Amino acid sequence: MIGIIILNYQNYEVTEKCVQSIVDNPPSEDFKIYIIDNGSSNESCSVLSEKYNVDAEKITVHRIEKNVGFAGGNEYGIKLCEKDEIE
């Protein structure tokens with residue numbers, strides 16, 4: 001299984017399009033999508049959580065309280081993958 005990390009910051013519409021693109025064109029291997037909200041101050045995290053935390057086997061939404069930047073957000077996602085024993 002592979003892990004796909006998507007960072008979101010203040011723009012859930014773009015994140016939804018990204019997720020839909022992956023769902024419409026899935027990788028050949030089994031996968032799990034980790035959406036990491038990187039400290040958005042708008043409704044992004046709640047909108048994404050409402051939409052995607054329904055199927056936690058395939059897509060999960062995680063919130064970081066403050067924006068830790070691109071590298072920090074990806075590092076957070078990588079740690080989640082490692083915890084779930086995903087490549």
Side-chain angles (χ1 to χ4, degrees):
M1 180 179 281
I2 60 172
I4 300 170
I5 299 166
I6 301 172
L7 297 183
N8 177 76
Y9 180 70
Q10 307 278 66
N11 198 340
Y12 66 87
E13 295 96 346
V14 171
T15 300
E16 289 174 329
K17 288 178 184 177
C18 182
V19 170
Q20 193 59 52
S21 175
I22 295 166
V23 170
D24 290 346
N25 304 286
S28 57
E29 290 185 57
D30 199 20
F31 65 95
K32 182 172 182 176
I33 298 172
Y34 294 83
I35 300 171
I36 310 300
D37 184 75
N38 207 352
S40 296
S41 60
N42 64 3
E43 71 280 0
S44 284
C45 190
S46 60
V47 169
L48 294 169
S49 292
E50 215 173 279
K51 183 168 186 171
Y52 295 115
N53 275 344
V54 178
D55 184 10
E57 292 295 313
K58 282 289 188 191
I59 304 171
T60 57
V61 179
H62 305 269
R63 177 174 174 70
I64 302 174
E65 290 301 316
K66 67 176 189 161
N67 189 322
V68 294
F70 183 76
N74 279 297
E75 184 176 326
Y76 186 90
I78 290 168
K79 287 180 182 178
L80 291 171
C81 288
E82 288 172 344
K83 180 180 155 223
D84 291 343
E85 298 180 354
I86 294 176
E87 298 175 15

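Keep in mind that what you see is a predicted model, and the values were worked out from it rather than measured. Quick note: numbers below take in every heavy atom, side chains included, and nothing from hydrogens, waters or symmetry partners. Count residues from 1 along the sequence.
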Between Gln10 (side chain) and Ser41 (backbone), is there a donor-acceptor pair under 3.5 Å?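 Yes, because the side chain of Gln10 sits within donor-acceptor range (under 3.5 Å) of the backbone of Ser41.
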Report yes or no: does Asn38 contribute a side-chain atom to a donor-acceptor pair with the main-chain N or O of Ile64 at less than 3.5 Å?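 A pair under 3.5 Å: no.
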Nearest 0.5 Å, what's the [atom1]-[atom2] distance between [X] and [Y]?
| X | Y | atom1 | atom2 | result |
| --- | --- | --- | --- | --- |
| Glu43 | Ser49 | CD | OG | 12.0 Å |
| Asn53 | Ser46 | CG | OG | 11.5 Å |
| Leu80 | Glu82 | CG | CD | 9.5 Å |
| His62 | Ile35 | NE2 | CD1 | 9.0 Å |

Can you confirm whether more than 12 heavy atoms, excluding those of Glu85, are under 6.0 Å from its CD atom? no
4.5 Å side-chain heavy-atom contact, [X] and [Y]:
| X | Y | result |
| --- | --- | --- |
| Thr15 | Ser44 | no |
| Glu50 | Leu48 | no |
| Tyr52 | Lys58 | no |
| Ile78 | Ile5 | yes |
| Lys32 | Ile86 | yes |
| Phe70 | Leu7 | yes |
| Asp30 | Ile2 | no |
| Asp37 | Tyr9 | no |

So which heavy atom on Cys81 is nearest to which on Gly3, and how close? SG-CA, 4.0 Å
Using every non-hydrogen atom in the two residues, find where Ile6 and Cys18 come nearest and quote the distance to one decimal. CD1-SG, 3.8 Å
Residues in side chain to side chain donor-acceptor pair (under 3.5 Å) with Tyr34, at least two apart? Asp84
Which donor-acceptor pairs under 3.5 Å do the side chains of residues 19-28 make with protein atoms, sequence neighbours left out?
from, atom 1, to, atom 2, distance (Å)
Gln20, NE2, Asp24, OD1, 2.8
Asn25, ND2, Ser21, O, 3.1

For Tyr12 and Val14: C-alpha separation, side-chain torsions, deciding distance, then whether side chain to side chain contact (heavy atoms under 4.5 Å, CB included) applies. CA-CA 5 Å; Tyr12 66 87; Val14 171; over 6 Å; no
Check against side chain to side chain contact (heavy atoms under 4.5 Å, CB included), Glu16 and Lys51: CA-CA 9 Å; Glu16 289 174 329; Lys51 183 168 186 171; 3.5 Å; yes
With a 4.0 Å cut-off, would you call Lys79 and Glu75 a salt bridge?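 Salt bridge present between Lys79 and Glu75.
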